[in-house]
Undergrad: 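First the structure, then my questions, so here it is.
Letters go in sequence order (proteins before strands), and every chain restarts at 1. These figures come from a predicted structure and were not determined experimentally.
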Amino acid sequence: MQIRLFNTMSRKVEEFKPLVPGKMGFYSCGPTVYWDQHLGNMRTFLNNDILKRMFLANGYDVNHVMNFTDVGHLTSDEDTGDDKMEKGAARENMSVWEVAKKYINNCVADMNELNIIPPTVTPRATDHIKEQIELIQKLEKLGYTYEIPGDGIYYDTAKLPTYGELGGQNLSELRGGARIENNNKRNITDFALWKFSPTDTKRQMEWDSPWGVGFPGWHLECSAMSMKYLGDHFDIHTGGQEHIKVHHTNEIAQSEPIVGKPWVSYWVHWAWLVLKDGKMSKSSGSFWTVRTLIEKGYDPMAYRYLVTLGHYRQPVEFSFESLDAAANGYKNIVRRVADIIANKSGELDGAVYDTWHDKLLAPTSDNLKTAETLVVFQELLRDNSVNNATKIALVEFVDRLLGLMFVEHAEKLVAAESEVAPAEIVALAEKRTAAKAAKDWATADALRAEIDAAGWVLTDTPTGPKLTKKA
RNA sequence: GGCCAGGUGGCAGAGUGGUUAUGCAGAGGACUGCAAAUCCUUGUAUGCCGGUUCGAUUCCGACCCUGGCCUCCA
């Protein structure tokens, strides 16, 4: 099926053409592991997952690389910023290495709760210092670097005529809009490739280099690791939209002089999860993680469903009200699917399956319009002309495409509902039936309350009372 | 200040130059002793002002508002 994606570089929705037929390689910027990842971060990882699943559903082999940034970069290119990893270590009374380990584990666990397929490779920046140094050496040889004594090795952005292309800006515009100046940099957009360790304090993370002891600049790792695991050219590079102007622009600047242009075929950027008043952040006190949701009693799939309901280029507004709506909508679908599973009938109808398969896949293949796929999915569920065997196969397909685990959750529901009630509960139900027959509604309702308190739900059906265990 | 993206019903969020997205919530009805589930029906919208057009939510322009980037950020 034709795949289309919005390419930030061209600012247009383009037909996807792989570098190698049947294969798709992509790099997604991963988290800095100095703290837990919040729901906004998770939206990005979910979008990566949806992108990947869409390609898998279209029959591609997908090679997905996501880094973990475990080097503590300064909060600015000046010498004055804090190091986030060192700060995290101080906060938790751990070494920076322990902090990295803890938050990588937490992040992986949260991604797992959201049914995100693990990336093919998850390289860590600190495991690739050698590659990063080699990259600087190549740039140095090509004349793109200069040293600011006592500070670091910098990239001279004036040497690259196309600098800023991704963000649609040129150097003079950037200069005009800049607020902060590093007097030692040749151009305001120049950035550090290698920072020297301070002379007065000892860093926990530092390495030898041809230029002196220090640590790599924060854009460098993505260039080095993407090329190592995906080759000099690859299909897609993704990340949050805030990376367009600086991080990705600088990755391009570091890479294209070495490998030639274009380094990456398609740039895809994810919009924010927003709150009523701005984005999710620690400073505003609105910092929720997947575990927060679980503690509050939400199914992580409710959050995934909320994200799937929106479009990746559009902000999604998060509130517990919108999450409740998504949770209800999700539960309703699981309920329907459970009914379909419990009443499995008919044989798989290949022609009907193919028609719906394509109707479901088409919108998501067209620039990841997952919301439209969900609309088609709702139509499918209520279409009585499709038999249940075929429907189940299609729900399984939607699960592969969108990762929403409808079948798994529905099967759990069916299993819970088919569990046979213990004798004492059955006895209570029989007493209630007798009370009902005698039109003694008070006794009947009291008995039902008693059954409910024991963890079972009694519902009247046309074929008599039915007992189901509470989920 | 510079650049960019948006403003759709109670909520979230699509599509579309002329005919109801969808979901959640709400209302009414069927069924039920009452519930639950299910089914049916249903109301409410396109920031403001101009322009183009037979006709704009959909195209163009101004304005207002919101958000993002410019400094670490998914």
Undergrad: Salt bridge (charged side-chain N to carboxylate O under 4.0 Å, His left out), that's the test. Do A:Arg124 and A:Glu221 meet it? Break it down for me.
TA: CA-CA 9 Å; A:Arg124 291 174 60 164; A:Glu221 61 180 87; over 6 Å; no
Undergrad: Taking atom P in both B:A45 and B:A36, what distance in whole Å separates the two?
TA: 30 Å
Undergrad: Which listed nucleotide (B:A14, B:C73, B:A35) is nearest to the side chain of A:His243?
TA: B:C73
Undergrad: What is the distance from CZ of A:Arg313 to P of B:A14, rounded to the nearest Å?
TA: 12 Å
Undergrad: As a test of reading the structure: which of B:C69, B:U22, B:C72 is closest to the side chain of A:Lys245, going by heavy atoms?
TA: B:C69
Undergrad: Tell me which nucleotide, if any, is Watson-Crick or G-U wobble paired with B:A5 when both distances must be under 3.5 Å.
TA: B:U66
Undergrad: A:Asn328 near the nucleic acid: base, sugar-phosphate alone, or nothing, with a heavy-atom cut-off under 4.0 Å?
TA: sugar-phosphate
Undergrad: Picking from B:U22, B:G15, B:A74, which would you name as closest to the side chain of A:Lys369?
TA: B:G15
Undergrad: Is A:His311 touching bases, backbone alone, or none of the nucleic acid, heavy atoms closer than 4.0 Å?
TA: sugar-phosphate
Undergrad: Between A:Phe318 (CZ) and B:G13 (P), how many Å, whole number?
TA: 12 Å
Undergrad: Would you sort out whether A:Leu404 and A:Thr308 count as a side chain to side chain contact (heavy atoms under 4.5 Å, CB included), showing the intermediate values?
TA: CA-CA 9 Å; A:Leu404 285 165; A:Thr308 308; 4.2 Å; yes
Undergrad: Which whole-number value in Å describes the distance from A:Glu165 CD to B:C4 C1'?
TA: 17 Å
Undergrad: Check every atom of B:U22, B:C70, B:A74 against the side chain of A:Gln378 and return the nucleotide holding the closest atom.
TA: B:U22
Undergrad: A:Trp263 and A:Phe234: aromatic ring centres closer than 6.0 Å?
TA: yes
Undergrad: Any donor-acceptor pair under 3.5 Å between the side chain of A:Asp460 and the base of B:C34?
TA: yes
Undergrad: Using atom P of each nucleotide, how far apart are B:U19 and B:A56 to the nearest Å?
TA: 11 Å
Undergrad: Pick out which of A:Asn47, A:Ile50, A:Val375 makes a side-chain contact (heavy atoms from CB on, under 4.5 Å) with A:Thr370.
TA: A:Ile50
Undergrad: Could you tell me whether the phosphate oxygens of B:G23, OP1 or OP2, come under 4.0 Å of any side-chain nitrogen or oxygen in A:Arg382?
TA: yes
Undergrad: Select base, sugar-phosphate, or nothing to describe what A:Gln37 touches, counting heavy atoms under 4.0 Å on all strands.
TA: nothing
Undergrad: Would one find a side-chain N or O of A:Arg336 under 4.0 angstrom from OP1 or OP2 of B:C39?
TA: yes
Undergrad: Taking the C1' atom of each, how far is B:A25 from B:C63, in whole Å?
TA: 35 Å
Undergrad: Report yes or no: do A:Gln204 and A:Ser95 form a side-chain donor-acceptor pair below 3.5 Å?
TA: no
Undergrad: In terms of side-chain geometry, is the basic nitrogen of A:Arg432 or A:Asp445 positioned less than 4.0 Å from the acidic oxygen of its partner?
TA: no
Undergrad: With both distances under 3.5 Å as the test, what is the Watson-Crick or G-U wobble partner of B:A14?
TA: none
Undergrad: When the P atoms of B:G1 and B:A12 are compared, how many Å lie between them, rounded to an integer?
TA: 29 Å
Undergrad: So does A:Asn41 get a side-chain nitrogen or oxygen closer than 4.0 Å to the phosphate oxygens (OP1/OP2) of B:C73?
TA: no
Undergrad: Sticking with atom P, work out how far B:U57 lies from B:G7, rounded to a whole angstrom.
TA: 15 Å
Undergrad: Could you check whether any side-chain N or O of A:Asp70 sits under 3.5 Å from a backbone N or O of A:Thr126, counting only pairs where one atom can act as donor and the other as acceptor?
TA: yes
Undergrad: Separation of A:Asp366 atom CG from B:A14 atom C1', in whole Å?
TA: 13 Å
Undergrad: What nucleotide among B:C24, B:C69, B:C11 has an atom nearest to a side-chain atom of A:Trp272?
TA: B:C69
Undergrad: Name the residue closer to the 5' end of RNA chain B, choosing between A:Leu306 and A:Gly239 according to the nucleotide with the nearest heavy atom.
TA: A:Leu306
Undergrad: Whole-Å distance between B:A12 C1' and A:Glu372 CD?
TA: 16 Å
Undergrad: With both distances kept under 3.5 Å, what pairs with B:U38, Watson-Crick or G-U wobble?
TA: B:A30
Undergrad: Should B:U46 form a Watson-Crick or G-U wobble pair with both distances under 3.5 Å, which nucleotide is its partner?
TA: none
Undergrad: B:A14 and B:A21: how far apart are their P atoms, nearest whole angstrom?
TA: 14 Å
Undergrad: With a non-hydrogen cut-off below 4.0 angstrom, is A:Lys439 in contact with a base, only sugar-phosphate, or nothing?
TA: nothing
Undergrad: Using the C1' atom as the reference point in each nucleotide, state the distance between B:A74 and B:G68 in Å, no decimals.
TA: 12 Å
Undergrad: Is A:His247 touching bases, backbone alone, or none of the nucleic acid, heavy atoms closer than 4.0 Å?
TA: nothing
Undergrad: Using purine N1 to pyrimidine N3 plus N6-O4 or O6-N4 for Watson-Crick, or N1-O2 and O6-N3 for G-U wobble, both under 3.5 Å, which nucleotide pairs with B:C59?
TA: B:G51
Undergrad: Can you find an N or O donor on one side and an acceptor on the other, under 3.5 Å apart, linking the side chain of A:Asp445 with the base of B:G33?
TA: yes
Undergrad: List the steps, then state whether salt bridge (charged side-chain N to carboxylate O under 4.0 Å, His left out) holds for A:Arg53 with A:Asp49.
TA: CA-CA 6 Å; A:Arg53 286 172 179 273; A:Asp49 193 54; 2.8 Å; yes
Undergrad: Which whole-number value in Å describes the distance from A:Trp218 CH2 to B:C73 C1'?
TA: 7 Å
Undergrad: Would you indicate what A:Val316 reaches in the nucleic acid, counting non-hydrogen atoms under 4.0 angstrom: base, sugar-phosphate, or nothing?
TA: sugar-phosphate
Undergrad: Give A:Arg335 one of three labels, base, sugar-phosphate or nothing, depending on what nucleic acid heavy atoms sit under 4.0 Å from its own.
TA: sugar-phosphate
Undergrad: Which residue lies toward the 5' end of RNA chain B, A:Tyr312 or A:Pro31, if each is placed at its nearest nucleotide?
TA: A:Tyr312
Undergrad: Looking only at side-chain atoms of A:Gln314, point me to the closest of B:C11, B:A14, B:C34.
TA: B:A14
Undergrad: Could you check how far CG of A:Asp324 sits from C1' of B:A25, rounded to whole Å?
TA: 11 Å
Undergrad: Which whole number of Å gives the distance between the C1' atom of B:A62 and that of B:U52?
TA: 15 Å
Undergrad: Is the base of B:G33 touched by the side chain of A:Arg432 through a donor-acceptor pair closer than 3.5 angstrom?
TA: yes
Undergrad: Just checking A:His248 against A:His237, ring centres under 6.0 Å apart?
TA: yes
Undergrad: Any base atoms under 4.0 Å from A:Trp441, or only sugar-phosphate, or nothing? Heavy atoms, all strands.
TA: base
Undergrad: Could you give the NE2-to-C1' distance, from A:His248 to B:C69, as a whole number of Å?
TA: 13 Å
